[in-house]
Colleague: 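Provided herewith is a single structure, encoded as C-alpha cells, for subsequent inquiry.
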Amino acid sequence: MLLYDGDCGFCAGSVQFVLRHEPASARSRLAFAPLQGQFGSRIREQFPELAGVDSVVWYDPAAPAVRVRSAAALAATAHLGGLWVVVARLGRLVPRVLRDAIYDLIARRRFDIAAPACLLPTPDERARFLP
C-alpha cells in the first residue's frame with residue numbers, strides 16, 4: 001500500500017510514475033490512498049510514529065509495518081521490478097541518514113517542484129485507490 005500526500009502535485013506525479021512503470025503482474029499487489037483520506041487516517045492512528053508525516057508512506061499489511069521517507073520511496077521503486085529493483089538495492093547502500101537528508105531536501109521543495117495536480121486514474125486504476 002502506498003500512502004501519499006493528496007494535496008501535493010509532486011506526490012500525485014510520483015503515484016502516476018508508479019502506475020506508468022509497474023509491471024502488469026504487480027498491479028494487483030499495490031493499492032494507493034491519500035494520507036488525508038479515511039484509510040490513511042486509520043493507518044496513521046495505528047502507527048503513532050506517522051503523526052506529522054505528510055509525504056510518502058509504504059504500508060505492508062502482512063507485517064503490519066510502515067516505511068517512511070527514503071525507505072518508502074525505495075520500497076515503491078523495488079515494486080516496479082526489473083532494473084528498478086537494482087536501483088532500489090543500490091539506493092539502500094547509501095546510509096539512511098544521507099538518503100533521508102536528500103529526501104527531506106526534495107520534500108521541503110516539493111510544492112515548488114510541481115504545481116498542484118489532480119490525480120485522474122483510469123477506471124481500472126481507480127479501483128486500486130482507497131478513500
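We're numbering straight along the sequence, starting at 1.
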Colleague: Which atoms form the tightest heavy-atom contact between L80 and P23, and what is the distance?
Modeller: O-CD, 3.0 Å
Colleague: Examine L98 and I106 and state if one hydrophobic cluster contains both, with Ile, Leu, Val, Met, Phe, Trp and Tyr joined whenever side-chain heavy atoms are less than 4.5 Å apart.
Modeller: yes
Colleague: Compare all side-chain heavy atoms of F47 with those of V57 and state whether any distance is below 4.5 angstrom.
Modeller: no
Colleague: Go through the structure and list residues passing salt bridge (charged side-chain N to carboxylate O under 4.0 Å, His left out) with R27, not counting sequence neighbours.
Modeller: none
Colleague: For the residue pair S25 and S28, what are the closest heavy atoms and their distance?
Modeller: O-OG, 4.5 Å
Colleague: So which atom in R92 and which in A78 form the shortest heavy-atom distance, rounded to 0.1 Å?
Modeller: NH2-CB, 4.1 Å
Colleague: Can you hop from V94 to L90 via hydrophobic side chains spaced under 4.5 Å?
Modeller: no
Colleague: Indicate yes or no for a side-chain donor-acceptor contact from Q36 to the backbone of G6 under 3.5 Å, with no hydrogens or angles considered.
Modeller: yes
Colleague: Using salt bridge (charged side-chain N to carboxylate O under 4.0 Å, His left out) as the criterion, list what pairs up with D104, not counting sequence neighbours.
Modeller: R69
Colleague: Between L19 and F17, is there a shared hydrophobic cluster once you connect ILVMFWY residues whose side-chain heavy atoms come closer than 4.5 Å?
Modeller: yes
Colleague: Decide side chain to side chain contact (heavy atoms under 4.5 Å, CB included) for V85 and R89; before the verdict, give the C-alpha distance in whole Å, the side-chain angles of both, and the deciding distance to 0.1 Å.
Modeller: CA-CA 6 Å; V85 173; R89 286 182 183 156; 3.7 Å; yes
Colleague: For R128, which residues count as a salt bridge (charged side-chain N to carboxylate O under 4.0 Å, His left out) partner, sequence neighbours excluded?
Modeller: E22
Colleague: Please name the pair of heavy atoms, one in G52 and one in R44, separated by the smallest distance, quoted to 0.1 Å.
Modeller: N-NH2, 3.9 Å
Colleague: Any donor-acceptor pair under 3.5 Å linking the side chain of R67 with the backbone of W58?
Modeller: no
Colleague: If every non-hydrogen atom of E125 is compared with every non-hydrogen atom of F129, which pair is closest and at what distance?
Modeller: O-CD1, 3.2 Å
Colleague: If I compare all heavy atoms of A73 with all of V56, which pair ends up nearest, and what's the gap?
Modeller: N-CG1, 4.4 Å
Colleague: Enter the distance from L2:CG to L30:CG here, rounded to the nearest 0.5 Å.
Modeller: 6.0 Å
Colleague: In the structure I gave you, are the side-chain heavy atoms of R99 and L74 within less than 4.5 Å of one another anywhere?
Modeller: yes
